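Within every chain, numbering begins at 1; the chains are lettered A, B, ... in the order of the sequence lines, protein sequences first and strands thereafter. These figures come from a predicted structure and were not determined experimentally.
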Number of protein chains: 2
Amino acid sequence: MKNPIDSYISYTLAAAHRAVHQSLTAALKEHGVQVEVWRVLETLDAEPSQTMGELARIVLMNPPTLTKMVDRMVMEGLVHRQAGKTDQRQVNLMLTDLGRKRMAQVRGVVQSQDEAICSLLGESEVAKLNNILGRLM
Amino acid sequence: MKNPIDSYISYTLAAAHRAVHQSLTAALKEHGVQVEVWRVLETLDAEPSQTMGELARIVLMNPPTLTKMVDRMVMEGLVHRQAGKTDQRQVNLMLTDLGRKRMAQVRGVVQSQDEAICSLLGESEVAKLNNILGRLM
DNA sequence: AGAAAATAGTTGACTTGGAAAATAATTTCA
DNA sequence: TGAAATTATTTTCCAAGTCAACTATTTTCT
């Protein structure tokens, strides 16, 4: 810490994000799952039949990128598409049994990284961090 | 805020990072400069003759990605490479006059986004945020 | 010394990401 | 109603990223 750029919040944020993202990526790689894939699995498990647009917003991806990732997930048999019931333009995604199974296998990995961070920072710092980050959006 | 995944720190961090990164990208786009390009310019201005490896670490990029971005920057006339003096394997990067000029043009853009964030959060929150983020690496 | 290992950076083959255009369905409103 | 505007998603085409292999140079070690 002594370059000019690390006094900028955007940089500190990018650096912390990179560190956390890389460590999560590495942990999930052993199970052959990408971080964003996990987000989709987890989101769909909690609320099935999410549309592509809403999902893209939640999992922090641009729509075209999500479309392509979902193509891959369909090929792997993790999810399947279904035309929207009331609005035919929409596409609803649902987990397959394999998708649910994969999610269950991998959830623990994400949780333990999260717990590691929590115990590193401490309960109150985590709350503070969440509060501050929330205000940046 | 009510999906299962936004209780994870990795997710909140990614979301905040995305928001800040996108807004900075948009602001810099008007000047035809990528966020990472700006980081290189700023870093080299403060300490010239940085090596590729060290620069990659600082600007948060993988070495092959940096090599290609620097190729582009050389084509645009922003920087030039020079073989390392003591260690011939190393490559030292230096700003050209145009590179310095370009940096001066865009620095204000980055600073004003940073100031906007600072005034949004307040002095003490910014300090707290930097402190917490620093502990994640 | 000099062969083997390590290090810095780049290259190449391949995959992924992004902006803008295209497609298809739904709304709006004259 | 039905033409024009809007919305949801995908496609296309090109730019950028990644992993692994490669080159060149320097270190290590016996």
Side-chain angles (χ1 to χ4, degrees), chain A residues 14 17-18 21-30 32-40 43-44 49-76 78-94, chain B residues 14 17-19 21-40 43-44 49-76 78-94:
Chain A
H17 170 251
R18 180 176 161 94
H21 188 84
Q22 280 187 339
S23 107
L24 188 54
T25 297
L28 286 175
K29 184 163 205 167
E30 295 162 26
V33 174
Q34 202 184 338
V35 175
E36 289 79 9
V37 166
W38 172 73
R39 287 191 194 137
V40 168
T43 303
L44 285 179
S49 282
Q50 212 82 245
T51 65
M52 293 295 284
E54 183 61 3
L55 205 52
R57 201 187 52 75
I58 296 172
V59 305
L60 312 173
M61 297 175 77
N62 298 329
T65 310
L66 179 62
T67 290
K68 290 162 196 166
M69 198 184 76
V70 166
D71 288 347
R72 283 173 246 139
M73 292 177 73
V74 169
M75 285 194 291
E76 291 176 57
L78 299 174
V79 294
H80 66 95
R81 284 186 240 241
Q82 194 179 282
K85 188 146 177 64
T86 69
D87 187 337
Q88 297 273 116
R89 290 169 304 181
Q90 299 189 137
V91 169
N92 293 113
L93 268 180
M94 1 244 293
Chain B
H17 169 252
R18 179 177 163 95
H21 188 83
Q22 280 187 339
S23 107
L24 188 54
T25 298
L28 286 175
K29 183 163 207 169
E30 295 162 27
H31 300 260
V33 174
Q34 204 184 336
V35 175
E36 290 79 9
V37 165
W38 171 72
R39 286 191 196 138
V40 167
T43 304
L44 285 179
S49 282
Q50 212 84 243
T51 64
M52 292 295 284
E54 183 62 1
L55 205 51
R57 200 186 55 72
I58 295 173
V59 305
L60 312 172
M61 296 174 80
N62 298 330
T65 310
L66 179 62
T67 289
K68 288 163 192 167
M69 197 183 76
V70 166
D71 287 348
R72 281 173 249 141
M73 292 177 74
V74 169
M75 284 194 290
E76 291 176 57
L78 299 173
V79 294
H80 65 94
R81 285 185 238 242
Q82 194 178 283
K85 188 146 178 64
T86 67
D87 185 338
Q88 298 272 117
R89 290 169 305 181
Q90 299 188 138
V91 168
N92 293 113
L93 225 57
M94 1 245 291

Between A:R57 and D:dT9, is there a side-chain N or O to OP1/OP2 distance below 4.0 Å?
no
Taking the nucleotide of DNA chain D with the closest heavy atom to each, which residue, A:R81 or A:K29, is nearer the 5' end?
A:R81
Decide yes or no, distance alone: a donor-acceptor N/O pair under 3.5 angstrom between the base of D:dT18 and the side-chain of B:K68.
yes
Heavy atoms under 4.0 Å, any strand shown: does A:T25 hit a base, just sugar-phosphate, or nothing?
nothing
When rounded to whole Å, the CG to C1' distance for the pair B:L66 and C:dG9 reads 10 Å
Per B:T65 side chain, nearest of listed nucleotides C:dG9, D:dG17, C:dA25:
D:dG17
Below 4.0 angstrom from OP1 or OP2 of C:dA8, is there any side-chain N or O of B:T51?
no
What is the distance, rounded to the nearest whole Å, between atom CE of B:M52 and atom C1' of C:dT10?
9 Å
Measure from CG on A:L60 to C1' on C:dG18 and round the result to the nearest Å.
16 Å
Rounded to whole Å, please give me the gap between CG in A:N62 and P in C:dT16.
16 Å
Exactly one of B:D71, B:T67, B:T65, B:L66 should register a side chain to side chain contact (heavy atoms under 4.5 Å, CB included) with B:M69. Which one does?
B:L66
Nearest-nucleotide 5' precedence on DNA chain C, A:M61 against B:P64:
B:P64
Atom CE of A:M69 and atom P of D:dT10 are separated, to the nearest Å, by 12 Å
Establish, with yes or no, whether the OP1 or OP2 oxygen of D:dT23 is under 4.0 angstrom from a side-chain nitrogen or oxygen of B:R89.
no
Between C1' of C:dT10 and CE of B:M73, the distance in whole Å
17 Å
note: B:K85, atom NZ; D:dT25, atom C1'; distance rounded to Å ~ 16 Å
Let me know the distance between CD of A:Q88 and C1' of C:dT23, rounded to the nearest Å.
15 Å
Report yes if a side-chain nitrogen or oxygen of B:T67 is closer than 4.0 Å to either non-bridging phosphate oxygen (OP1 or OP2) of C:dT10; otherwise report no.
yes
Are the side chains of A:R57 and A:Q50 in touch, meaning some heavy atoms are under 4.5 Å apart?
no
